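Before any comments, here is the structure.
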Amino acid sequence: MTPHPADSATETVVDAMDAPGPQVWDDMTVEVALSVMASAPSRHLLVYDEDGRCTGLIAQDQLTVVRDSSAYTDRVRLRDVFGDNGPFTSPMTTIAEAERTMRHGRLGALPVIDEHGCAVGVLALSR
């Protein structure tokens, strides 16, 4: 995401987001999620609960840290990795506001969800 400074205050996330990308269920194991990620051209996965609502986004480096920890077993599921749900943003949030949220939370990407909790895209900071 590299908006022009004047545009970021008025343009919304929907103008800058990417397609949602790979989506997985929260009962998937970390090992399977890493396999899905290895086959996908993405550095993150959108995670969904049993009701079909997006519960968050998990990055490859987060999964690797979990897998490499001494407490790891092959039964650790994605729902075990997540603490709180979110953060998320709405398609109608301004780019400037979403960018502040991402920088404050040190996030490389932010799920964009609709009013039903379904991911409609991902907003990613450019490197």
Side-chain angles (χ1 to χ4, degrees):
M1 171 175 71
T2 53
H4 301 288
D7 296 336
S8 67
T10 57
E11 286 188 16
T12 61
V13 167
V14 76
D15 299 315
M17 69 182 186
D18 297 322
Q23 301 171 19
V24 296
W25 298 104
D26 65 357
D27 65 346
M28 180 178 283
T29 65
V30 168
E31 203 62 43
V32 173
L34 281 165
S35 295
V36 169
M37 192 168 289
S39 67
S42 179
R43 289 180 292 209
H44 58 263
L45 299 170
L46 287 164
V47 182
Y48 283 79
D49 67 12
E50 66 276 354
D51 295 325
R53 291 191 183 96
C54 183
T55 58
L57 181 139
I58 194 156
Q60 184 173 9
D61 57 343
Q62 291 173 287
L63 291 173
T64 303
V65 166
V66 170
R67 185 194 59 204
D68 295 345
S69 77
S70 61
Y72 176 76
T73 72
D74 62 357
R75 295 183 183 189
V76 175
R77 304 206 177 273
L78 294 178
R79 71 170 61 107
D80 302 328
V81 175
F82 280 112
D84 296 333
N85 291 346
F88 304 103
T89 193
S90 158
M92 301 317 297
T93 302
T94 65
I95 293 172
E97 185 179 343
E99 212 171 27
R100 277 191 300 277
T101 299
M102 293 171 75
R103 291 194 194 288
H104 177 72
R106 296 184 179 136
L107 304 170
L110 190 62
V112 181
I113 62 168
D114 65 14
E115 64 275 4
H116 304 290
C118 296
V120 294
V122 173
L123 187 66
L125 289 175
S126 60
R127 295 193 176 254

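Positions are given from 1, in the same order as the sequence printed here. For the numbers below, each heavy atom of this structure counts, side chains included, while hydrogens, waters and symmetry mates do not. It should be emphasised that the depicted structure is a prediction, and the values quoted were computed from it without experimental measurement.
Nearest heavy atoms, Asp18 versus Ala124: OD2-CB, 4.5 Å. Residues Ser90 and Val112 share a closest heavy-atom pair of C-CG1, 3.9 Å. Taking all atoms of both residues into account, the shortest heavy-atom contact from Ile113 to Cys54 is CG2-CB, 4.0 Å. Shown here for Asp27 and Arg77, the closest heavy-atom pair between the two residues is O-NH1, 2.5 Å. Here the shortest heavy-atom pairing between Ala98 and Thr89 reads CB-OG1, 4.3 Å. Across every non-hydrogen atom of Pro20 and Ala119, the tightest pair is CG-O, 4.0 Å.
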**Item:** side chain to side chain contact (heavy atoms under 4.5 Å, CB included) between Val122 and His44, worked out
**Value:** CA-CA 10 Å; Val122 173; His44 58 263; 3.6 Å; yes
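To the nearest 0.5 Å, the span separating CG on Asp15 from OG1 on Thr12 amounts to 4.0 Å. With rounding to the nearest 0.5 Å, the separation of CG in Leu78 from CH2 in Trp25 is 12.5 Å. Taking CG from Leu34 and CE from Met28, the interatomic distance works out to 10.5 Å, rounded to the nearest 0.5 Å. The distance from the SG atom of Cys118 to the CZ atom of Arg53 is 8.0 Å, given to the nearest 0.5 Å.
Both Met102 and Val13 are members of a single hydrophobic cluster when ILVMFWY side chains are connected at heavy-atom separations under 4.5 Å. In the hydrophobic clustering of this structure, Val30 groups with Val36; members are Ile, Leu, Val, Met, Phe, Trp, Tyr whose side-chain heavy atoms approach within less than 4.5 Å, directly or through other members. Cluster annotation: Val14 is not connected to Leu57 through the hydrophobic network of ILVMFWY side chains, with a link wherever side-chain heavy atoms come within less than 4.5 Å. Under the 4.5 Å side-chain heavy-atom criterion for grouping Ile, Leu, Val, Met, Phe, Trp and Tyr, Tyr48 is not connected to Val120 through any hydrophobic cluster. Leu46 and Phe88 are members of different hydrophobic clusters when ILVMFWY side chains are connected at heavy-atom separations under 4.5 Å.
Using modelled atom types, one side-chain atom of Thr55 and one backbone atom of Val47 make a donor-acceptor pair closer than 3.5 Å. A donor-acceptor contact shorter than 3.5 Å links the side chain of Asp49 to the backbone of Asp51.
Under the 4.5 Å side-chain criterion, counting only non-hydrogen atoms from C-beta, Asp74 is not in contact with Glu31.
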Going by atom type alone, with no hydrogens or angles, which donor-acceptor pairs under 3.5 Å involve a side-chain atom of residues 61-70 and a protein atom two or more places apart or on another chain?
unit_1 : atom_1 : unit_2 : atom_2 : d
Gln62  : OE1    : Ala59  : N      : 2.7
Thr64  : OG1    : Gln60  : O      : 2.9
Ser69  : OG     : Val66  : O      : 2.9
Ser69  : OG     : Tyr72  : N      : 3.4

